Each structure stands twice: as structure tokens, then as C-alpha cells.
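See structure below.
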Amino acid sequence: VDLRVRDSENRGIYYSETDRCLIFLPNHETIEDIYKTIDHEVYHACFEKADETEDMDEDMEERMIFCMQWAPEILY
């Protein structure tokens with residue numbers, strides 16, 4: 001995970017070619033927000049390493065990550 005201080009239209013991005021996550025700090029308001037983005041991008045990496053991305057399109061992958069991140073709020 002690399003943290004960047006330059007602005008981008010993304011909050012974070014995962015590059016499967018280099019197995020690298022970039023987090024763009026100016027697009028976050030709190031440290032918790034940064035942690036969530038780091039988790040989000042690491043989930044992308046985990047799906048890629050587990051060969052799960054072959055069975056999901058980008059929208060499905062984003063929805064899965066959204067549900068995983070909100071699960072603690074919903075379940076407890």
C-alpha cells in the first residue's frame with residue numbers, strides 16, 4: 001500500500017499487474033475513512049490472488065466489498 005498526497009479522481013486504486021494499492025489522501029476526511037479505503041483496495045488484491053475476479057465483473061466485485069465493509073454495522 002502506497003499513500004499519495006497528490007489529488008486524483010480516485011480515493012484508491014489496486015493495480016493487479018504490479019500487486020500495488022495506491023491511496024490518495026486528499027480525497028479522505030478522517031483516518032477511519034483512509035482505513036476503509038485501504039481495506040477496500042486490499043480486498044481487491046485478495047480477490048485477485050484467490051482467482052475470484054474471473055467470476056465477477058467490476059460491479060459485482062465493488063458490491064461484494066461494499067457489503068463486507070458494512071457487515072459489522074449491520075450484524076451488530
Side-chain angles (χ1 to χ4, degrees):
V1 175
D2 290 335
L3 304 176
R4 299 295 166 104
V5 293
R6 67 177 164 86
D7 200 11
S8 171
E9 61 185 45
N10 295 305
R11 294 165 57 85
I13 190 164
Y14 169 67
Y15 293 104
S16 59
E17 308 83 26
T18 56
D19 193 31
R20 188 167 72 119
C21 299
L22 297 181
I23 308 300
F24 299 97
L25 299 177
N27 297 344
H28 298 83
E29 294 182 13
T30 64
I31 190 71
E32 290 82 11
D33 196 22
I34 293 169
Y35 292 152
K36 278 201 176 279
T37 301
I38 291 171
D39 287 347
H40 181 103
E41 298 308 329
V42 169
Y43 288 143
H44 282 297
C46 291
F47 291 153
E48 181 76 25
K49 289 183 182 297
D51 291 326
E52 294 297 329
T53 55
E54 294 176 15
D55 298 327
M56 291 189 282
D57 61 36
E58 188 175 342
D59 183 63
M60 294 165 71
E61 191 172 337
E62 291 293 331
R63 180 70 181 149
M64 174 70 76
I65 292 170
F66 177 84
C67 290
M68 290 169 60
Q69 288 190 301
W70 280 98
E73 300 293 326
I74 295 167
L75 296 174
Y76 301 106

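Keep in mind that this is a model prediction, so the values were computed, not measured. We're numbering straight along the sequence, starting at 1.
The SG atom of C46 sits 11.0 Å away from the CD atom of E52 when rounded to the nearest 0.5 Å. Rounded to the nearest 0.5 Å, atoms CG (D55) and CD (E61) are 11.0 Å apart. Note that CZ of R6 and CG of N27 are 10.5 Å apart. Values are rounded to the nearest 0.5 Å. Interatomic distance, NE2 of H28 versus CD1 of I38, reported as 8.0 Å (0.5 Å rounding). How far CG of L25 is from CG of D7: 10.5 Å, rounded to the nearest 0.5 Å.
Applying the side chain to side chain contact (heavy atoms under 4.5 Å, CB included) test between I34 and each of T37, I31, T30 identifies I31 as the sole match. Applying the side chain to side chain contact (heavy atoms under 4.5 Å, CB included) test between Y14 and each of H40, R20, E48 identifies E48 as the sole match.
Using modelled atom types, one side-chain atom of Q69 and one backbone atom of K36 make a donor-acceptor pair closer than 3.5 Å.
A tilted orientation is assigned to the rings of F66 and W70, their planes being inclined by 30° to 60°.
Annotation: side chain of E41 is in contact with side chain of H44 (closest heavy-atom distance under 4.5 Å).
Evaluation of the salt bridge (Lys or Arg N to Asp or Glu O under 4.0 Å) rule for D33 yields R11 as partners, not counting sequence neighbours.
In this structure, I23 is a member of the same hydrophobic cluster as V42, with clusters built from ILVMFWY side-chain heavy atoms closer than 4.5 Å.
Grouped by direct or indirect side-chain proximity (heavy atoms under 4.5 Å, Ile/Leu/Val/Met/Phe/Trp/Tyr only), L22 sits with I13, Y15, F24.
The neighbour count for M68 CE, taken as heavy atoms of other residues, nucleotides or ligands under 6.0 Å away, is above 12.
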